[in-house]
Amino acid sequence: MDSLIQRLGEIRYEPEEIASFKEAILVGARYDGEKMVAALKFYDPEKEEIYLWRDHTGHLPYCFTRLSPDELRLNSNVIEHKGFEELESVTKFNALKDEKEEYTKIIAKDPLSIGGKSNSIREYLEETWESRIRYHESYLYDAQLIPGLPYSLEKGEHRKIIEEFSAEAQKRIEGLFNDETEEMQEYALEWTELLQQQIPNYRRASLDIEVYSPIVNRVPDPQEAPYPVICVSIVDTEGEKRVLLLRREGIERGDESILGELIPEYYDTEEELIFETLRALSDYPFILTFNGDQFDLKYLFNRAIRLGFPREKIPLTIGRDSVTLTYGLHIDLYRFFFNRSIQVYAFSQKYRELTLDAVSEALLNLGKIPIEKPFSELNYTELADYCLRDSELTLSLSSMSNNLLMRLITLIARIARIPFEDVVREGVSRWIRSLMYYEHRRRGWIIPRSEDLSEYKGVTATEAIIKGKKYKGAIVIEPTPGVHFGVYVLDFASLYPSIIKQYNLSYETILCPHTECRQNKIPGTPHWVCTRHRGLSSLVIGSLRDLRVKWYKKRARDKKLSSEQREFFNVVQLTLKVFLNASYGVFGAEHFPFYCPSVAESTAALGRYAINETTKQAEKLGIKVIYGDTDSIFLDKPTEDQIENLLEWSKDQLGMELEVDKQYRYAAFSTRKKNYFGVFPDGSVDIKGLTGKKRNTPVFLKKAFYDVIDVLSEVENQGDFKRAKEKVKNVVHECYTTLKKREFSLEDLSINIMLGKPLKAYVKTTPQHVKAALLLAEDGQEVKPGDIISFVKTNDGLGVKPVKLARAQDVDVEKYTDYVKSTFEQIFDTLDIEFGEITGITKLEDFLL
DNA sequence: GCGGACTGCTTACCT
DNA sequence: ACAGGTAAGCAGTCCGCG
């Protein structure tokens, strides 16, 4: 062990600090507590190395107060604070009041002297501004540094490298923004410049570890790290694959041929195994894991400590809920895939469950290696194979679709101005917060405290339909039940961002201080909007919206471009979509630093206004509106002229772009909102909100449901319904009788519901899936939030049993027939008119007779 | 003591 | 830690019932 500790010195601990480089991407930023300066990490794509650059400009942490320097000098807690450096009088623009103000900048020697400890300077002052911004971010904003962009370094001075983009492209973009203000044009050009820069290849490796556990189904606690690490796999972008195994007594080799060319490395001691792992980790600029923050790297670190490695020599830094590398960057894919915005908008909900198996199965069509035996009983080869697959999957997730994931991270970093490791660990509201902070610093605006905002802008005037919500949201138009042939769906392209742009919404423009603006009312609210200045968020969100709609989305579909170019434009438009979709919501989110419910409320109110006015206009033109939700209206057999007319009207009267989104051969509605299906001219089907589609629906019912949909997708006209009816009847009848005869397996009957919180957090009620989960827990299985509980309905006991613990005779068939009935009623109700007139059948029970 | 009406909780979905 | 609106099933409570 002593010699190993000695050899720890061989492991590269930090990136090299060099005086010059030609081109490297800014990827990381942190505060160097030892040297007391900001430290930046740059990635050189040529040499595939990380460089360190420490600030030498003398930049220091600070915050602001409204006290004058003289008043402050009376406060000895501040002036005599050991971290106090100096005071400086500054003028800042207060956008809430639309006037300049004098502030005193309190400069400190280190970030913790400003805030973060009980005796920090901000604790001795009643009011401080900008004292809660993390130092490394504050540094980036002040230096106007943008992560994700290439820089050069000469004699210790870095410079942004901007690759000129073609004069032609520049002209075209300018052309698109001809009708906009100069300010808007500037923003559009700046964004494009930022987004079009090359994204390099990132040299990276993925890591996965396996740990011995004496208890089956129990993952050892990474804080304690009580048991040995028995296997480590590392796979990199150059194609190298390694598996490191710990020799243990009584373990067989197994058939190594299943590993192909790979030769596992065997280690006699765990210390050597961990040493080699740490050495390998420090070889790569980027290390990818799947849940490494919570498990793999945390376990490695704590295990290393436990084995006697000195903390300061281990090339890992452990945080409250993250583990970072001292040399490279740690990208935890679990954190990124967990991000709702990424899940929904970047990957269109292709994966639902947040496990490596589920995510890779959904995105790569390849899952983890199934194992039947407990971990401790696997032979070396089986263990190696299993562990290797996890690393391979993790790396593949970052490489698929031409490195989509790495590109997304880079682009988000550029827009939000945050380091890569924060992109992966933080949510969209933090990204937008960062972008807003950057803009404030650049403009010399003081960043308002949330108290400042709520003082003037905290009011809402509408009442939400849902109890407990803060204001009224979108409207859903009551559907006209029945089958409608020839339906056109029109929608507003990014409705809320369009509204924010068009109506100048921003925290400083809503309820602004000028009396003459009070006339400029938002329909449906008592709020008014500024007529003097363009709002910051209106400008930022507006320019991003226009770029996405007018440039990136169009180019992503431009057949004149190579598929590679199109793909790039598509990644950019996806990234913009993530930001835009959250841009309205954040203003209604309390934890957002620019929380401004009046902005959110006004946005929603204008959305209702737009849809209501459009509906009125459609009806004026003689078109029947059969449904609508938030930003869309469904039209019954409109003519080309009528559509054209309505689109024109919207552009002229609302200033917003209404588009034809889709067209259905027919669409079927019941009386339920958010619940319909539509058949496209090519026979494919759009299903919205129907029970049969939901992920908790048992397989047997889902299958019957999709069989029915198949039949209905073939219906071309009213006349076809008669034959379709017979087929549908057969399908449902078959399902019903098979159920009655108990011929479905338990798996077919299982209901799958996700556990939303820890079992003990269910204090108000005990839903069925929780009852089932409690039975699993009793049986000794680990159950945690995010797990999908599979259970069947039973006659005995609690009325439910986990599939794993149930027997066929336990099943409550009656309960399942209710389920069948309610699922198909959603469809039958829509067909009521046609079916009903012929047979008088509306309810399933009658239908089956 | 039981059952129907009602409210609230929970999940999954829609935009 | 982006928002609100809707459907569905069930848990739990209240109230009436001579």
Side-chain angles (χ1 to χ4, degrees), chain A residues 338-345 349 352 425-433 460 462-479 489 491-492 494-497 500 541 578-597 599-605 607-608 611 627-633 661 670-676 686-697 751-757 761-771 773 785-786 788-789 793 798-800 815 818-819 821-823 825-826 829:
Chain A
F338 190 81
N339 187 317
R340 277 290 292 171
S341 299
I342 294 301
Q343 190 179 353
V344 176
Y345 302 119
Q349 303 211 53
R352 303 285 177 129
R425 290 183 175 84
E426 291 176 349
V428 66
S429 72
R430 296 292 189 94
W431 303 343
I432 296 176
R433 174 185 80 172
T460 52
T462 58
E463 204 179 320
I465 288 171
I466 307 171
K467 213 185 253 181
K469 299 287 184 188
K470 292 167 294 226
Y471 58 89
K472 199 184 207 50
I475 42 167
V476 185
I477 298 172
E478 204 77 51
V489 183
D491 75 351
F492 289 100
S494 356
L495 176 66
Y496 289 162
I500 290 170
I541 294 162
V578 170
F579 277 86
L580 292 169
N581 277 322
S583 62
Y584 142 78
V586 292
F587 286 113
E590 274 140 55
H591 57 85
F592 183 59
F594 298 93
Y595 170 55
C596 192
V599 165
E601 180 179 43
S602 300
T603 311
R608 295 193 299 274
I611 278 296
Y627 181 63
D629 186 348
T630 312
D631 61 355
S632 66
I633 51 168
D661 177 34
S670 65
T671 54
R672 300 165 185 83
K673 293 170 172 180
K674 299 183 189 282
N675 201 285
Y676 64 90
D686 232 3
I687 301 167
K688 301 291 181 185
L690 303 187
T691 300
K693 183 193 178 181
K694 296 196 176 185
R695 72 159 180 236
N696 53 9
T697 303
I751 296 165
N752 312 292
I753 298 181
M754 189 189 279
L755 203 60
K757 46 191 181 184
Y762 291 90
V763 284
K764 289 173 175 142
T765 57
T766 313
Q768 295 197 324
H769 68 294
V770 177
K771 285 181 181 160
I788 292 191
I789 311 297
K793 291 172 182 273
L798 296 169
V800 293
K815 279 273 174 359
D818 287 350
Y819 214 153
K821 185 175 161 185
S822 63
T823 301
E825 247 170 16
Q826 291 181 342
D829 285 352

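Letters A, B, ... mirror the listed sequences (proteins, then strands); counts begin at 1. Here the structure is a predicted model, which is why all the values come from computation and not from measurement.
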Query raised in the report: Can any side-chain N or O of A:K693 pair as donor or acceptor with the backbone N or O of A:I687 at less than 3.5 Å?
Result: yes
Requested in this report: Under the side-chain hydrogen bond (donor to acceptor under 3.5 Å, both in side chains) rule, collect the residues that match up with A:R425, sequence neighbours excluded.
Outcome: A:D293, A:H330
Query - 5' to 3' contact window, DNA chain C with chain A (heavy-atom distance under 4.0 Å) - result: C:dA1 to C:dG12
Query - Residue list, side-chain hydrogen bond (donor to acceptor under 3.5 Å, both in side chains) with A:Y584, at least two apart or on another chain - result: A:Y471
Query raised in the report: Under 4.0 angstrom, heavy atoms only, what part of the nucleic acid is A:E590 near: base, sugar-phosphate, or nothing?
Result: nothing
Query raised in the report: What does A:I466 touch in the nucleic acid at a heavy-atom separation under 4.0 angstrom: a base, only the sugar-phosphate, or nothing?
Result: base
Report summary line: A correct 5'-to-3' footprint of nucleotides 9-15 of chain B, with B, S and - meaning base, sugar-phosphate only and no protein heavy atom under 4.0 Å, is SSSBSBS
Query - side chain to side chain contact (heavy atoms under 4.5 Å, CB included) partners of A:S583, counting only residues at least two apart - result: A:P497, A:I500, A:I541
Query - Touch class at under 4.0 angstrom, heavy-atom based, for A:T766 against every strand present - result: sugar-phosphate
Give me, pair by pair, the N or O atoms of the protein and of nucleotides 3-5 of chain B that are less than 3.5 Å apart, along with how far apart they are.
none

**Report entry** Sugar-phosphate, base or nothing in reach of A:A464, heavy atoms under 4.0 Å
**Finding:** sugar-phosphate
Requested in this report: Return the set of residues passing salt bridge (charged side-chain N to carboxylate O under 4.0 Å, His left out) with A:R433 (not counting sequence neighbours), or none when no residue passes.
Outcome: A:E137
Query raised in the report: How would you label the contact of A:Y471 with the nucleic acid (heavy atoms, under 4.0 Å): base, sugar-phosphate, or nothing?
Result: sugar-phosphate
Requested in this report: Identify, with sequence neighbours excluded, every residue that meets salt bridge (charged side-chain N to carboxylate O under 4.0 Å, His left out) alongside A:K674.
Outcome: A:D629
Query raised in the report: For A:E590, which residues count as a side-chain hydrogen bond (donor to acceptor under 3.5 Å, both in side chains) partner, sequence neighbours excluded?
Result: A:K470
Report task. Of all the heavy-atom pairs spanning A:K815 and A:K793, show the shortest one and how long it is. Result -> CB-CD, 3.7 Å
Query raised in the report: Considering residues at least two apart in sequence or located in another chain, which fulfil the side-chain hydrogen bond (donor to acceptor under 3.5 Å, both in side chains) criterion with A:D818?
Result: none
Requested in this report: Check salt bridge (charged side-chain N to carboxylate O under 4.0 Å, His left out) between A:D491 and all other residues, then give those that pass, not counting sequence neighbours.
Outcome: none
Query - Which residues share a salt bridge (charged side-chain N to carboxylate O under 4.0 Å, His left out) with A:D686, sequence neighbours left out - result: A:K662
Query raised in the report: So what does A:G473 hit on the nucleic acid, given a heavy-atom distance under 4.0 Å: a base, only sugar-phosphate, or nothing?
Result: sugar-phosphate
